[in-house]
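In what follows, chains are A, B, ... by sequence order, proteins preceding strands, each numbered from 1.
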Amino acid sequence: MDYPFSMIEQKWQQTWQKRRIANAPDNADKTKYYVLSMFPYPSGVLHIGHASNYAIGDAISRLKLMEGYNVMQPMGYDSFGMPAENYAITHNSHPRITTEEHIASMRKQFDGMGFFLDWEREVSTCRPDYYRWGQYIFKKMYEQGLVYRKKSFQNWCEPCNTVLANEQVEDGACWRCGSEVIQKELEQWYFRITKYAEELLDFSDVIEWPERVMTMQKHWIGKSEGARIEFTLEHSDTKIPIFTTRPDTIYGVTFMALPPEHPLVQQWLAEEPDNRELQDFCKKVINEDKVLRQSAETEKEGVFSGRYCVNPLNGAQVQIWITNYVLMDYGTGAVMAVPAHDQRDFDFSKKYDIPMKIVIQNPAGNLDISTMSEAYIEPGIMAASAHFDGMPSDAAKSAITEWIAKNGWGEKTVTYRLRDWGISRQRYWGNPIPIIHCPKCGIVLVPDEDLPVLLPDNVQVGKTTSNPLLSVPEWLNVTCPQCGADATRETDTMDTFVDSSWYYARYADAHNTALPFDQDKSDYWLPVDQYIGGIEHACMHLLYARFIYKFMRDLGWVKGNEPFLRLLTQGMVLKDGAKMSKSKGNTVDPQYIVDRFGSDTLRVYLLFASPPEKDVEWNDEALMGSFRFLNRIYRLIDGNLDAIKKGMQFEADVAKLSPEMKQLLFSSHYCTKKWREDSLQRMQYNTAIAAIMEHLNHCIAIKDAANLDDDALAVYAEACGIIPQLLYPFAPHIAEELWQMIGCESLLHESGLPGYEEKYLLQDTITLVVQVNGKIRGKLEVAPDTAHDLLQEEAMKIENVQRALDGFEVVKVIVVPGKMISIAAKPKK
RNA sequence: GCGAAAGUGGCGGAAUUGGCAGACGCGCUGGACUUAGGAUCCAGUAGGUUCACUCCUGUAGGGGUUCGAGUCCCCUCUUUCGCACCA
């Protein structure tokens, strides 16, 4: 018979709810512990990845609960965004309706899992009581000078009259109508995240983040040091600033490379409408698929602009080329090209027959343009570089930069790969940007008392292809709050990453109607102690959230520098070695598993399969193993209730125990120790569960518990009695049930963490391994405190050791206390 | 191409600080039991060798350091992820 998991799980879910164990009070006497799992997009169904994420969060929460913390683990929904809008379009409905339906059905599935979640703090980003404060934060950022508008090129579909995300562009064509995607210059709203670039590189205030994630973020930010140098357009005062990390090569510049998007190029395009070569090239490059254009495989191309600029250091005339391999978004959007010492410039100048000039010699001194097949990018000795000749190129970097600064041609500078955060989306289902465009006053912020700018409901998504907000005149047309003139609302909505970059703070005070959150509450709850989510958010979400946290800190809203003190990036659940997805048809429905085997089985399976940060391979048969494990536990305790209850009244006299019962006593304490290390310190739940299984096997090995004497019974009762406590973080329902069955009246978390005593971990004898030249040749069973001399003597006596030493002479004997005796020997002469 | 991580039985994985490789689970093999179950219990399970004891081999491959290497160093291969002309 299977244990009655369904009855047990319902019973304890109701009890927990009644006892409000997951509803964390603000400002309790206890120390807080804030556990947060990334909130889901409400697709309508929990998938196995969610279950895995929340099983981990639940284990951590319940462990911290046992430890006595005031634990808060909230949950909510990341409910704005393109998927919800598209879902509504295909189902001919409204995203507000479908989203709320999805949330309701997900909530049911959440409840069936019995997760430790404080639902009284639920947030949903698409509800006005939440997005109102996103608008408020936008305004604060605007006031701090962290918001600006800038023209930039976006994927644009002309027939659909809409902007497309990179993922909506398939082979350069619109995913919906199939027509060619072009690049259109649009005014977009930006957050000045680059202002925090330097600080975002500093992780000294996080307690425990995966090294991997920090490395990825550092690379994403991409700090590089170099020089900003101004070249002058010939016969003009126009300066062309460039950024270079190789100022030591500046005497080797033979051309200047600009992208078609460069403002100067745009100006020339306007001045020379009849220059077909220039016009056609720029149009072609700008409209090229972004991904394709940025590929290293793409052939480097360019056209000569017919213009020259001047190298400030030597007055040399430099050709200006317009090319497809320079990025407008990085550095100053202009490159001084040094073909002899940069591979890309080398390739380009070979193709277009542009001169090269060697200004850094290799140590052999035999670099020659006529024989070079690739650029020389290593350091070397300066050559043909005026008074810097003969200097090592590394030293010349700073010498030349100083020379440039001294003469006012430029300066030492730092550039980041990180770009400002474009938050504009030309979509309906997002948080409206609280801006009004007035013909007289220009850009005007919506006053606080008019927040939130509500998304109008009378919109039919999918009926218009452009942003539906444009089709609601009663929403669009307003009077200017400053001058009363007729004005229009901003129709861009915010990137959903804005919503998710501060939600963790809203949970601290989810129902505040006067502020995003009250500072007393945020001071108590923030920062998040443990954050859990997928590695795919390593760069974007986690970086944005850190940025917004630092901004809120600067406003004095929150304390500390980091929103998430500990981060755990959990692995994916795979099936047949591949990511589960509907299109592959390899999904597993967690609800089905819960119905068949219970939430506890599913959790134990997910946690036992691998350490949390690694991927889990789904395996139906291994799932049965977890189910059997819980059944075995239930049978053990249910079948020996009388013995356990009786034994709990006794205290064991250790001296009177049989060797078998001594081992069981050892197992209880050893297992508890290992469980504490694995689950609390290492957060490696798979081995913590393995330790319970091992201990369970020892308990089951005692066959006739009813006939044990009182001392043995006491040991047996303890051994069985600790199992519910050990099980609680991983399979809480069955754990509570068993706890109650053995007569304990408290809820399990109130029992505290299970403890162990060192004295029971001492063994009479220990086993030492004896090695000869690294190979095991025998074992010694000795008292733990045996003297080293004696150990060596005993080891030498072992027959096998003798045999291995035959014809050898001992060079050295190493004793590793408690572990081994290693004999090093060499052949006799 | 650059960067990061990883590679251990038939499978998921363990080995925490350089110290008994394969804990625990799945699967498999043999046996017991029969309320015939998605059961339970017992024994076995890296490969080779041997009746057995033993011995040999073995953590992607090759080298190295060490009394001792899955773990540290160098080279190579493979896989996954991230980035993609970053001046």
Phosphate OP1/OP2 of [N] contacted by [X] side-chain N/O (<4.0 Å):
X	N	value
A/Ser224	B/rA87	yes
A/Asn686	B/rA14	yes
A/Gln684	B/rA14	yes

Indicate the ring-plane relationship of [X] and [Y], choosing parallel, tilted or perpendicular according to the 30° and 60° boundaries.
X	Y	result
A/Tyr544	A/Trp421	parallel
A/Trp675	A/Phe730	perpendicular
A/Tyr352	A/Trp321	tilted

Mind checking [X] for me? I need base, sugar-phosphate or nothing, with any heavy atom below 4.0 Å counting as a touch.
X	value
A/Ile814	base
A/Lys218	nothing
A/Asp342	nothing
A/Ser822	base
A/Ala824	sugar-phosphate
A/Met820	base
A/Arg228	nothing
A/Thr415	nothing
A/Lys775	sugar-phosphate
A/Asn800	sugar-phosphate
A/Asp347	nothing
A/Gly222	nothing

[N] versus [M] - spacing of their [atom1] atoms, nearest Å:
N	M	atom1	result
B/rA4	B/rA23	P	34 Å
B/rU8	B/rA15	P	15 Å
B/rG47	B/rG37	P	33 Å
B/rG25	B/rG44	P	13 Å

Open item on the list: I'd like to check the side chain to side chain contact (heavy atoms under 4.5 Å, CB included) partners of A/Asn640; sequence neighbours left out, ordered by chain and number.
Closed with: A/Leu636, A/Ile644, A/Ala705, A/Tyr716
TODO: Just jot down the side chain to side chain contact (heavy atoms under 4.5 Å, CB included) partners of A/Arg596, sequence neighbours excluded, or say none.
DONE: A/Tyr592
Open item on the list: Quick one, A/Phe597 with A/Phe5, criterion ring pair (Phe, Tyr, Trp, His ring centres under 6.0 Å). Give me CA distance, side-chain angles, the key distance, then yes/no.
Closed with: CA-CA 7 Å; A/Phe597 307 108; A/Phe5 61 87; 7.2 Å; no
TODO: Between A/Ser610 and A/Gly625, just flag the one whose closest nucleotide in RNA chain B comes earlier from the 5' side.
DONE: A/Ser610
Task: 5′-ward residue of the pair A/Ile689/A/Ala609 relative to RNA chain B - done: A/Ala609
Between protein and nucleotides 58-66 of chain B, what N or O pairs are separated by less than 3.5 Å?
none

Task: Atom pair NZ/NZ of A/Lys397 and A/Lys412 - distance to nearest 0.5 Å - done: 11.5 Å
Open item on the list: With rounding to the nearest 0.5 angstrom, report the CG to CG distance, A/Leu568 to A/Asn53.
Closed with: 9.0 Å
Whole angstroms only, please: what is the [atom1]-[atom2] distance between [X] and [N]?
X	N	atom1	atom2	value
A/Lys674	B/rA23	NZ	P	13 Å
A/Glu208	B/rU16	CD	P	17 Å
A/Phe629	B/rU40	CZ	P	14 Å

Nucleotide N/O of nucleotides 27-35 of chain B paired with protein N/O under 3.5 Å:
unit_1	atom_1	unit_2	atom_2	d
B/rG27	OP2	A/Arg628	NH2	3.2

Open item on the list: I'd like to check the salt bridge (Lys or Arg N to Asp or Glu O under 4.0 Å) partners of A/Glu301; sequence neighbours left out, ordered by chain and number.
Closed with: A/Lys284
Taking only the side-chain heavy atoms of [X] (C-beta and beyond), determine which of [options] contains the nearest atom.
X	options	value
A/Asn619	B/rA21, B/rC26, B/rC56	B/rC26
A/Phe608	B/rC24, B/rC83, B/rA87	B/rC24
A/Leu327	B/rA15, B/rA87, B/rG13	B/rA87

Task: Pairs touching residues 765-775 of chain A that satisfy salt bridge (Lys or Arg N to Asp or Glu O under 4.0 Å), sequence neighbours left out - done: none
Open item on the list: Less than 6.0 angstrom from the centroid, inside 45 degrees of the normal: does A/Arg603 satisfy that with respect to the ring of A/Phe608?
Closed with: no
Task: Geometric cation-pi criterion A/Arg566 and A/Trp209, 6.0 Å radius, 45° cone - done: no
List every contact pair, protein side and nucleotides 4-6 of chain B side both N or O, where the distance is under 3.5 Å.
none

What N/O pairs connect the protein and nucleotides 43-48 of chain B at under 3.5 Å? Give each pair on its own line.
none

- [ ] Begin from the C-alpha positions of A/Glu677 and A/Lys674 and carry the test salt bridge (charged side-chain N to carboxylate O under 4.0 Å, His left out) through to its verdict.
- [x] CA-CA 5 Å; A/Glu677 283 168 4; A/Lys674 178 143 178 60; 5.9 Å; no
Open item on the list: Counting Watson-Crick and G-U wobble pairs with both distances under 3.5 Å, what is the dot-bracket string for RNA chain B, 5' to 3', using [ ] for crossing pairs and | for pairs to another strand?
Closed with: (((((((..(((......[....)))((((((.......))))))(((......)))..(((((..]....))))))))))))....
Task: Under the ring-ring contact (aromatic ring centres under 6.0 Å, His included) test, residues paired with A/Tyr634 that sit two or more places apart - done: A/Tyr3
- [ ] Not counting sequence neighbours, which residues clear ring-ring contact (aromatic ring centres under 6.0 Å, His included) with A/Tyr670? List them please.
- [x] A/Phe666
Task: Any A/Phe627 side-chain heavy atom under 4.5 Å of A/Val604 side chain - done: no
TODO: Output all residues satisfying side chain to side chain donor-acceptor pair (under 3.5 Å) with A/Ser610, sequence neighbours left out; order by chain, then residue number.
DONE: none
